[in-house]
Amino acid sequence: KTKQQQLSVIGTSKTISKATQHRLWPEIDRISVEQLRYARLGVGEGGWQLFAEDGEMKMYKREEESNGMVVDPLKACHVVRGVTGHEMCHYFFSPDVRMEWETTVEQMTVIEKIADDTLVFLQVHKRIWPASQRDALFWSHMRQVPDHNDRDGHDIWIVCNHSTDNSDFPQSNNGKCVRVTLTVCLVCQTFIDPPKDGAKITRDDITCKITYCSVVNPGGWAPASVLRAVYKREYPKFLKRFTAYVIDQCKDKPIMF
Ligand code: 6CM
């Protein structure tokens, strides 16, 4: 493809993904770009209420309902030292390590590999009493986004997860699960404190600013108070556990910029 074709196809990315050939690509591209913009909007406006705080981690939500179901959008900001945005996104995206940090999932299957950076997951979540068990079927796409405002060229990385359908995996797996629909993104930006005298960059010089956004529709009846209580407990737990996991995995490895 020519440079011009690359730019018109990808919009923001540096390299062409094999995913651009897939039927879902227009949606994957559109939702990923939308989510990136949405994540970068502040929480000053739009009625965000802070519901959890731990050190530099701040979690906000907006209480919303759709057809009587809780669909509260969530937005979290955090600052993580010693890791890059690429590393954060790599561990969030990778199915190989999902079960090492994810505590709400009972079973995870990759049902389609669209490209190295784009997978389709089927996940069965742990049941929350007294509601039915939930599952989720979603594509997950990871990409690097050049930040034109950053003269050092340290880019932004994003992973976007968004519900999709697949006729081989219809809703209601033996009537056991209710399918949730979700749109989730993790956006990470790396900041580097340049070491003096041109010394080599170490993990002490790196800071990663992350934004995590999530909207989940429970897909069927679930008591609002139970759901809100679960989210209030589980989201902070997830973000603390996940970031600690990435720090631990990276500490003795070369930096992945
Ligand atoms: O974003 C997160 N994880 C990703 C990879 O798994 C993916 C998953 C989103 C799941 C959205 C929540 C579905 C809710 C289903 C019911 C929850 C049961 C909780 C049982 C607790 C014992 O984007 C991290 C998701 C963190 C969710 C709290």
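Order of appearance sets the numbers: ligands from 1, and atoms from 1 within every ligand. Side chains included, hydrogens not; waters and symmetry mates left out as well; all remaining heavy atoms used.
- Using a 4.0 angstrom heavy-atom cutoff, Phe121 does not count as in contact with ligand 1.
- Remark: ligand 1 atoms within the under-4.0 Å shell around heavy atoms of Arg98 are 5 (C), 6 (O).
- Ring pair Phe51/Tyr231: centre-to-centre distance not below 6.0 Å.
- Distance alone, capped at 3.5 Å, places no donor-acceptor pair between the Gln144 side chain and the Asp155 backbone.
- Here is the list of ligand 1 atoms found below 4.0 Å of a heavy atom in Tyr212: 1 (O), 2 (C), 24 (C), 25 (C).
- Under a 4.0 angstrom heavy-atom cut-off, Phe242 registers as lying outside contact with ligand 1.
- In Glu65, the CD atom is crowded: over 12 heavy atoms of neighbouring residues, nucleotides or ligands sit closer than 6.0 Å.
- Inspection of the Asp117 and Ser17 side chains reveals an N or O donor paired with an N or O acceptor under 3.5 Å.
- The ligand atoms of ligand 1 that sit less than 4.0 angstrom from a heavy atom of Glu234 are 21 (C), 28 (C).
- Ser94 contributes no side-chain N or O that, together with a main-chain N or O of His90, makes up a donor-acceptor pair within less than 3.5 Å.
- At the shortest separation from atom 27 (C) of ligand 1 among protein heavy atoms lies Tyr235 CE2, 3.7 Å.
- Ranked by closest heavy atom to atom 20 (C) of ligand 1, the top entry among Glu106, Lys126, His125 is Lys126.
- At a heavy-atom cutoff of 4.0 Å, ligand 1 is contacted by the side chain of Gln123 but not by its backbone.
- When hydrogens are left out, the protein atom nearest atom 6 (O) of ligand 1 is Glu102 OE2, 2.6 Å; that is the closest non-hydrogen contact.
- For atom 19 (C) of ligand 1, the nearest non-hydrogen atom from the set Val159, Thr104, Asn217 belongs to Thr104.
- Looking at atom 12 (C) of ligand 1, its nearest protein heavy atom turns out to be Val216 CG2, 4.0 Å.
- Donor-acceptor pairing under 3.5 Å is recorded for the side chains of Trp139 and Glu27.
- Ligand 1 places these atoms under 4.0 Å from at least one heavy atom of Val184: 1 (O), 23 (O).
- What sits closest to atom 9 (C) of ligand 1 on the protein, heavy atoms only, is Leu182 CD2, 3.9 Å.
- Nearest residue to atom 23 (O) of ligand 1 from Val124, Val215, Asn161, Val178 is Asn161 (criterion: closest heavy atom).
- Contact annotation: for Met108 versus ligand 1, there are no heavy atoms closer than 4.0 Å.
- Of the residues Val71, Val70, Val215, the one that meets the side chain to side chain contact (heavy atoms under 4.5 Å, CB included) test with Glu64 is Val71.
- Considering every non-hydrogen atom in both Arg203 and Lys253, the closest pair reads NH2-O, 3.0 Å.
- Between the side chains of Thr104 and Glu102, a donor-acceptor pair is found at a separation under 3.5 Å.
- For the residue pair Thr202/Asp205, the side-chain donor-acceptor check at 3.5 Å is satisfied.
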